[in-house]
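Structure, as structure tokens:
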Number of protein chains: 2
Amino acid sequence: MTESILQQPNDYAISLFLKRLLIRSALTGEEQRAILSLTGETQRFGTHFDIVLPGHTVEGACLVAKGLVARYDQMLDGQRQITSFYIPGDMCDLHSVVAPKASWSITAVSPVTIVRVPHRQLIDRCIHYPGIAIGFWRDGTADASVFAKWVGNLGRKNAKARIAHVMCEMGMRNEAAGLGERTSYELPTTQEQLGEATGMTTVHVNRSLQEIRREGLLNFRSGRVEIHDWDALTHIAEFDPSYLMLDGPPHRVAPIAA
Amino acid sequence: MTESILQQPNDYAISLFLKRLLIRSALTGEEQRAILSLTGETQRFGTHFDIVLPGHTVEGACLVAKGLVARYDQMLDGQRQITSFYIPGDMCDLHSVVAPKASWSITAVSPVTIVRVPHRQLIDRCIHYPGIAIGFWRDGTADASVFAKWVGNLGRKNAKARIAHVMCEMGMRNEAAGLGERTSYELPTTQEQLGEATGMTTVHVNRSLQEIRREGLLNFRSGRVEIHDWDALTHIAEFDPSYLMLDGPPHRVAPIAA
DNA sequence: CGAGGGGTTGATCTCCTTCAACGGAGGTGG
DNA sequence: CCACCTCCGTTGAAGGAGATCAACCCCTCG
């Protein structure tokens, strides 16, 4: 539950963010420099700390620099449903620029480092560079696409498939972010948190994981995922990565002017 | 499975769309005129017609003019999961402007009329009016917020609560759109389609609906919802409308310049 | 009048939850 | 250096929400 606020270099996180944007959006040199000139306050939070809570009106977006962050929704009886995970380089509530009042929570799944980038700066970049506004919108669309896919998972798949799908998704995203391989990456969650993401109880997560492990598909221990049979895992998960919008050339809605 | 393409007046649909945007975003007079100058091809589709399929790269966004549209995801065994409904005035795949390649399907839940607005025009408006780009992004964020809420519903709520939540959501949205009252509106779906939205079988939708009806909360018959006890329904659904972003004054990220 | 789509009902099954307990690893204080 | 505590993973037994399978009904429409 620690929260310390430090001013310190955060260029690295910003450059990760730019790299993330460039996966999906082609930006001009000038636009790229406009992104790199963003600044923000570096903040550290311990596991389980709620960075944003419903009803909060925030003035800056949370760029994940280190650790694992999740957006979640809480029921009246205290049950939680994680709606997505965010890894370093993700601006986990970029949409707060246009919708600053949260109706969701953002929490530190593991100890995390956040760079809080003022909306003022992000808005400024959007106004001056339509290509940036559209790039932000595009990344928001990718985020929405993940939510939509999770709706399908929770609505129509069984326990093993749900877990497998999350593992495939996080693998692809980590690989695209340069943070590991799709078959080998850090996922610093407990089985309980994995249950909060897949809509199941800890007990059933545990049994399902065992079954998946027994089949030789996957090993998940102490915050690390090792996938032994990617093809088989994607098969039981019915995983098709196209929804992540990580492939194909970066988009540009209009030709890049010289 | 009919698909007829007609050129005909669609000003009405465009004005509905503008009205929808103005709920969440303050636009200048010039920006509003830029929206109203949008044009598109009017198309009609029969029930169950798939307007967009995964893999399609579309060149125009679908503005719903009449009827009920859904976005859904299909599993390999044929099971479907609807991820959201769209009512007249909704541009159901506005995000296709920035992500033209679909990884989802869009289908006609009832007989529908669509106005297909070319991306070219929408992009043009975004480039010339940053306020419009940001407004589009904001509406996309609201759409994502609905997905996220559905993740919570499917992951953590029981059958009655899931159905009740959809009914509350569609009531609020219809009311905000001027298409009925929150307690009385058209929802032209079958129980099967309602099951596809709530992640349950037709049989169980039927039994749950009966129970809700027996409790005097709601009547759903022949495509029409009549809610008799709004407070009780929102209570069992744990429905809090803030995620719909329909309240509060329209946003503007920078003062409207004269 | 027959066909088909949508709604309804009953019986049975099963996946996942619930409840309760235990074990191991790591951290902390006496 | 050991005792203790807490967090996380694991296991067992029992119960329940919803799925599955199979009818049947009613209404509409050709």
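Values in this document were obtained by computation on a predicted structure and should not be read as measured data. Chain A is the first sequence line, chain B the second, and so forth, proteins listed ahead of strands; every chain is numbered from 1.
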Can you measure [X] atom [atom1] to [N] atom [atom2] for me and round it to whole angstrom units?
X: B/E211; N: D/dG18; atom1: CD; atom2: P; value: 10 Å
X: B/N206; N: D/dG18; atom1: CG; atom2: C1'; value: 14 Å
X: A/E192; N: D/dC7; atom1: CD; atom2: P; value: 11 Å
X: B/L154; N: D/dA17; atom1: CG; atom2: C1'; value: 15 Å
X: B/L209; N: C/dG7; atom1: CG; atom2: P; value: 9 Å

TODO: Answer yes or no: is there a donor N or O on one side and an acceptor on the other, between the side chain of A/S110 and the main chain of A/G67, under 3.5 Å?
DONE: no
Task: Donor-acceptor under 3.5 Å (A/R116 side chain, A/E41 main chain) - done: no
Open item on the list: So that I can tick it off, tell me whether B/R156 and A/D73 are bridged by a salt bridge, with the cut-off set at under 4.0 angstrom between side-chain N and carboxylate O.
Closed with: no
- [ ] For the pair A/K160 and A/E211, find out whether any cationic side-chain nitrogen is under 4.0 Å from an anionic carboxylate oxygen.
- [x] yes
TODO: Determine whether A/C92 and A/F85 make a side-chain contact, defined as any pair of heavy atoms from C-beta on separated by less than 4.5 Å.
DONE: no
Task: A/H165-A/Y243 aromatic ring centre distance below 6.0 Å - done: yes
Task: Heavy-atom closest pair, residues B/C62 and B/D93 - done: N-OD1, 2.7 Å
Open item on the list: If the cut-off is 4.0 Å, is B/Q210 near the phosphate of C/dG7, judged by side-chain N/O to OP1 or OP2?
Closed with: no
TODO: Using a cut-off of strictly less than 4.0 Å, decide whether B/Q191 has a side-chain nitrogen or oxygen near OP1 or OP2 of C/dT8.
DONE: yes
Open item on the list: If you count heavy atoms of other groups shown closer than 6.0 angstrom to NE2 of A/H228, is the number above 12?
Closed with: yes
Open item on the list: What does the B/S/- profile of nucleotides 14-28 of chain C look like, 5' to 3', with a 4.0 Å heavy-atom cutoff to protein?
Closed with: --BBBB---------
Open item on the list: Please encode protein proximity along nucleotides 23-30 of chain D as a string of B, S and -, counting only heavy-atom distances under 4.0 Å.
Closed with: --------
